[in-house]
Amino acid sequence: MAQAVNSSSALSLDNEVLRSLLFYCSILVLKMMFMSILTASKRIKHKAFANPEDAKPQHVKPQVNENVERVRRAHLNDVENVPLFFVIGLIYTLTNPAVYFAKTLFLAYTLARIGHTIVYAVVPIPQPARALCWMVGYGITGYMGVVSLLTFK
């Protein structure tokens with residue numbers, strides 16, 4: 001089992017694992033910001049505005065559109081999952097994990113979340129593509145949670 005590291009060295013920017021976590025967290029923040037822009041562009045394209053004040057200038061009534069809702073659901077899935085990764089990734093960093101393995105987990109999680117967005121909202125692909133992307137991220141988050149729990153018990 002991993003030994004927890006001194007928190008001052010683990011939280012130093014000299015810690016390669018922490019730097020990697022911060023890098024991938026930054027990518028995920030930008031990805032989530034992109035989802036807001038994608039939602040807005042789909043609303044404009046499909047003239048599917050949720051609020052009367054947004055629909056009125058376009059001379060349409062508020063309406064639901066499946067293309068917009070698909071993007072919103074993908075974004076909601078990010079909101080439900082990505083912050084957990086941010087938290088457990090930081091805690092996991094304090095367990096003194098092997099650098100290469102930790103960096104691989106962070107990369108795999110980030111690619112899984114990007115893949116989830118692509119197959120859910122950008123170019124919808126039939127299941128199990130979306131489920132597999134979600135399971136990879138969920139599994140990585142769970143793994144880091146268990147390692148952290150065992151390290152800090």
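In this text, all values refer to a predicted model and were calculated from it rather than measured experimentally.
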Hey, quick one: are I88 and L90 part of the same hydrophobic cluster, counting side-chain heavy atoms closer than 4.5 Å, chains of contacts allowed? yes

Before you tell me yes or no, could you show the steps for T104 and L107 under side chain to side chain contact (heavy atoms under 4.5 Å, CB included), namely the whole-Å CA-CA distance, both residues' side-chain angles and the distance that decides it to 0.1 Å? CA-CA 5 Å; T104 301; L107 169 63; 5.7 Å; no

Just list the side-chain donor-acceptor pairs under 3.5 Å for residues 110-120, sequence neighbours left out, or say none.
| residue | atom | partner | partner atom | Å |
| --- | --- | --- | --- | --- |
| T110 | OG1 | F106 | O | 2.9 |
| R113 | NE | D78 | OD1 | 3.3 |
| R113 | NH1 | N77 | OD1 | 3.0 |
| R113 | NH2 | N77 | OD1 | 2.7 |
| R113 | NH2 | D78 | OD1 | 2.7 |
| T117 | OG1 | K31 | NZ | 2.5 |
| T117 | OG1 | R113 | O | 3.3 |
| Y120 | OH | R73 | NE | 3.1 |

Given the rule that I, L, V, M, F, W and Y join up when any side-chain heavy atoms are under 4.5 Å apart, are I27 and F34 in one cluster? no

Taking all non-hydrogen atoms of both residues, which atom of A121 and which atom of R70 are closest, and how far apart? CA-CG, 4.1 Å

Spell out, yes or no, whether V68 and V123 are grouped together once hydrophobic residues are joined by side-chain heavy atoms under 4.5 Å, including indirect joins. no

Let me confirm one number: the OH-SG distance from Y109 to C25, rounded to the nearest 0.5 Å. 9.5 Å

Shortest non-hydrogen contact between N15 and A10, atoms and distance: ND2-O, 2.8 Å

Taking C-beta and beyond as the side chain, do P97 and V17 meet within less than 4.5 Å on heavy atoms? yes

Residues in side-chain hydrogen bond (donor to acceptor under 3.5 Å, both in side chains) contact with K103, at least two apart in sequence or another chain: E16

Give every donor-acceptor pair under 3.5 Å between a side-chain atom in residues 129-144 and any protein atom, sequence neighbours left out.
| residue | atom | partner | partner atom | Å |
| --- | --- | --- | --- | --- |
| T141 | OG1 | G137 | O | 3.0 |

Here the pair of heavy atoms bringing A48 nearest to N65 is CB-CB, 3.4 Å

Report yes if some heavy atom in the side chain of R43 is under 4.5 Å from a heavy atom in the side chain of R72; otherwise report no. yes

What verdict does the side chain to side chain contact (heavy atoms under 4.5 Å, CB included) test give for F101 and L105, after you've listed the backbone C-alpha separation in whole Å, the side-chain angles of each residue and the deciding distance to 0.1 Å? CA-CA 6 Å; F101 189 68; L105 288 176; 3.6 Å; yes

Within the structure provided, determine whether V82 and V29 are in side-chain contact (heavy-atom separation under 4.5 Å). no

Are M33 and M35 linked, directly or through other ILVMFWY residues, by side chains that come within less than 4.5 angstrom of each other? no

Side-chain heavy atoms of N96 within contact of T151, under 4.5 Å: no

A quick test of your reading: do over 12 heavy atoms of other residues, nucleotides or ligands sit less than 6.0 Å from CZ of F86? yes

Just so I know, are the side chains of L38 and K42 near enough to count as touching, which here means a heavy-atom distance under 4.5 Å? yes

State yes or no: do V71 and F49 share one hydrophobic cluster built from I, L, V, M, F, W and Y residues joined by side-chain heavy-atom distances below 4.5 Å, directly or via other members? no

For a quick test of reading the model, state the closest non-hydrogen atom pair linking L18 to S12 and the distance between them. CD2-O, 3.6 Å

Contact summary for H46 and N67, nearest pair of heavy atoms: CE1-ND2, 3.3 Å

M32 side chain reached by V79 side chain, heavy atoms, under 4.5 Å: yes

